[in-house]
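Have a look at the structure below, then the notes.
Bear in mind that the values here come from a model prediction, so they are computed numbers and not experimental data. Counting begins at 1 with the first residue of the sequence.
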Amino acid sequence: MRRLSSIITLFGILLLTGCQDILECVINRRPQLEDKNLARARLDRFYSDDILAEIKNEPRDNSYYYYFSIDGELPRGLDYIVDYRSIIIEGVPTTPGRYPINIRLTVEQVNDYYEDCENRLNDCDGLCEETTVKRYVLAVD
């Protein structure tokens, strides 16, 4: 009886959410930012470093749009540029210090998006999550 109850509960969950959502999170497809330390910047010298984004457990990384933003202030003289799957921080820093920044990445699938597949709990993009945030520290000496 207990086993039948478990099967009925599992069937109910799958019926409400769809198998795809459960598989997406089991496979753990999600955007991720490179795990790295930013290079140290030197005052009044050109600086450039990049952070690469990808979709974890997804061989078709290029089938997504990548949207980046930075929360926190970059040192005066530095700015960022988005180059498809990379965010590049560059310029000539004019203020020393340690600058903690959060890079936010949101992705959206380019192809294979079907409106008739979408429901309240399933957007059919193949991802468990669509956004991630990672903290970096940029040091300027």
Side-chain angles (χ1 to χ4, degrees), residues 2-141:
R2 182 174 251 173
R3 183 175 177 182
L4 180 60
S5 175
S6 297
I7 291 172
I8 291 171
T9 302
L10 178 61
F11 180 74
I13 291 170
L14 291 175
L15 186 62
L16 289 173
T17 63
C19 293
Q20 183 174 349
D21 286 335
I22 292 171
L23 289 175
E24 289 167 0
C25 291
V26 168
I27 295 171
N28 198 18
R29 282 191 186 123
R30 65 185 71 232
Q32 70 181 30
L33 291 161
E34 189 174 11
D35 188 21
K36 68 181 271 183
N37 293 320
L38 293 175
R40 286 181 101 62
R42 302 285 179 219
L43 271 178
D44 301 321
R45 291 195 179 154
F46 182 77
Y47 172 85
S48 181
D49 202 355
D50 66 323
I51 299 167
L52 181 64
E54 66 181 2
I55 308 295
K56 181 178 180 182
N57 297 321
E58 173 61 88
R60 298 171 297 153
D61 288 27
N62 292 331
S63 296
Y64 293 82
Y65 293 119
Y66 291 77
Y67 303 100
F68 294 90
S69 65
I70 292 183
D71 299 323
E73 289 198 29
L74 290 172
R76 232 178 293 142
L78 293 182
D79 206 350
Y80 72 94
I81 301 165
V82 174
D83 183 18
Y84 188 50
R85 289 179 43 198
S86 294
I87 184 167
I88 304 163
I89 300 171
E90 67 179 22
V92 179
T94 59
T95 310
R98 292 177 49 83
Y99 297 86
I101 56 173
N102 291 320
I103 307 270
R104 178 178 305 278
L105 168 65
T106 301
V107 296
E108 182 180 301
Q109 192 171 23
V110 175
N111 300 321
D112 301 328
Y113 183 83
Y114 303 103
E115 287 292 331
D116 60 339
C117 178
E118 188 168 339
N119 63 44
R120 191 167 59 87
L121 299 170
N122 184 0
D123 62 5
C124 304
D125 62 6
L127 299 175
C128 185
E129 293 179 17
E130 295 173 345
T131 300
T132 189
V133 177
K134 191 165 197 106
R135 185 174 191 80
Y136 296 91
V137 176
L138 178 55
V140 179
D141 300 327

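- Sparse packing is recorded around CG of N37, with 12 or fewer heavy atoms of other residues, nucleotides or ligands lying under 6.0 Å away.
- Once rounded to the nearest 0.5 Å, the distance linking CG of L105 with OG1 of T131 reads 7.5 Å.
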> What do the steps show when you test I87 against E34 for side-chain contact (heavy atoms from CB on, under 4.5 Å), and what is the final call?
Replying inline: CA-CA 10 Å; I87 184 167; E34 189 174 11; over 6 Å; no

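- Across all non-hydrogen atoms, the minimal contact from I101 to G72 is CG2-C, 4.3 Å.
- Annotation: salt bridge (Lys or Arg N to Asp or Glu O under 4.0 Å) contacts involving residues 68-90, sequence neighbours excluded, comprise D61-R85, D71-R104.
- Here L74 contributes atom CG and T95 contributes atom OG1; the two are 11.5 Å apart, rounded to the nearest 0.5 Å.
- For residues 77-100, the ring-ring contact (aromatic ring centres under 6.0 Å, His included) pairs, not counting sequence neighbours, are Y66-Y84.
- Annotation for V140 and L43: closest pair CG1-CD2, 4.0 Å, computed over non-hydrogen atoms.
- Between C128 and R30, the shortest heavy-atom contact is SG-NH2, 3.6 Å.
- By the 4.5 Å heavy-atom criterion applied to side chains, T106 and P31 are not counted as neighbours.
- L78 contributes atom CG, which lies 9.5 Å from atom CD1 of I70 (distance to the nearest 0.5 angstrom).
- Counting heavy atoms from C-beta outward, L138 and D49 have side chains that stay 4.5 Å or more apart.
- In this structure, T94 and G77 approach most closely via the heavy-atom pair OG1-N, 4.4 Å.
- Between the NZ atom in K56 and the CD atom in E129 there is a gap of 10.5 Å [rounded to 0.5 Å].
- A 4.5 Å side-chain heavy-atom check between V137 and L38 finds every atom pair outside the cut-off.
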>> Let's go through Y136 and L33 carefully: what are the C-alpha distance in whole Å and the side-chain angles of both, what is the deciding distance for side-chain contact (heavy atoms from CB on, under 4.5 Å) to 0.1 Å, and is it a yes or a no?
In response: CA-CA 11 Å; Y136 296 91; L33 291 161; 3.5 Å; yes

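- Rounding to the nearest 0.5 Å places CD1 of I51 at 10.5 Å from CG of D35.
- Between N57 and P59, the shortest heavy-atom contact is O-CD, 4.0 Å.
- Taking CD of E58 as the start and CD of Q109 as the end, the distance is 7.0 Å to the nearest 0.5 Å.
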